[in-house]
Amino acid sequence: MLEQDIKRLEEIAKILEDGTNLDESLKLYEEGCKLAKNCLKDLEKAKGKIIMVKKEFDKKDTED
């Protein structure tokens, strides 16, 4: 999902850079904001998982 959202954000950025009418720009901006929010949520979940794995690894490392 993250990869798809990033790809769509790139597409939106390209469309906005190339230029479009105001209504379409606003719709794309709104879509981009939602996608960015989803990406941040996905990254926060991944960060949490990494922290948990690291804690487990550190715990096992100290037990040896």
Side-chain angles (χ1 to χ4, degrees):
M1 188 74 161
L2 178 65
E3 293 82 7
Q4 292 173 339
D5 288 348
I6 291 172
K7 183 176 180 183
R8 179 62 182 150
L9 280 169
E10 290 171 345
E11 292 170 357
I12 289 171
K14 176 78 170 114
I15 294 168
L16 291 173
E17 286 173 359
D18 291 345
T20 186
N21 64 53
L22 181 60
D23 286 338
E24 184 67 16
S25 293
L26 291 172
K27 288 177 187 176
L28 290 169
Y29 178 79
E30 182 178 6
E31 181 185 355
C33 287
K34 289 177 184 178
L35 290 168
K37 186 176 179 179
N38 289 341
C39 288
L40 287 173
K41 285 180 186 178
D42 289 345
L43 290 171
E44 283 298 318
K45 283 186 209 175
K47 179 181 174 183
K49 288 179 182 179
I50 290 169
I51 290 170
M52 287 176 32
V53 168
K54 185 177 181 325
K55 283 181 182 179
E56 276 298 311
F57 179 79
D58 290 346
K59 181 179 174 184
K60 289 180 182 178
D61 193 39
T62 58
E63 291 176 352
D64 293 336

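These numbers come from the heavy atoms of this one structure, side chains and all, not from hydrogens, waters or symmetry mates.
- Lys54 is linked by a side-chain hydrogen bond (donor to acceptor under 3.5 Å, both in side chains) to Asp58, counting only residues two or more places apart in sequence or in another chain.
- For Lys47, the side-chain contact (heavy atoms from CB on, under 4.5 Å) partners are Glu44, Ile51, not counting sequence neighbours.
- Here Leu2 is tied into one hydrophobic group with Ile6, Leu43, each link being a pair of ILVMFWY side chains closer than 4.5 Å.
- Residue pairs that meet the side chain to side chain donor-acceptor pair (under 3.5 Å) test with at least one member in residues 13-23, sequence neighbours left out, are Lys14-Asp18.
- Other cluster members for Ile15: Leu9, Ile12, Leu16, Leu28, Leu35, joined by side-chain heavy-atom distances under 4.5 Å among Ile, Leu, Val, Met, Phe, Trp and Tyr.
- Evaluation of the side chain to side chain donor-acceptor pair (under 3.5 Å) test over residues 24-34, restricted to residues two or more places apart or in two chains, returns Arg8-Glu31.
- The only option from Glu11, Glu3, Gln4 that meets the side-chain contact (heavy atoms from CB on, under 4.5 Å) definition with Lys7 turns out to be Glu11.
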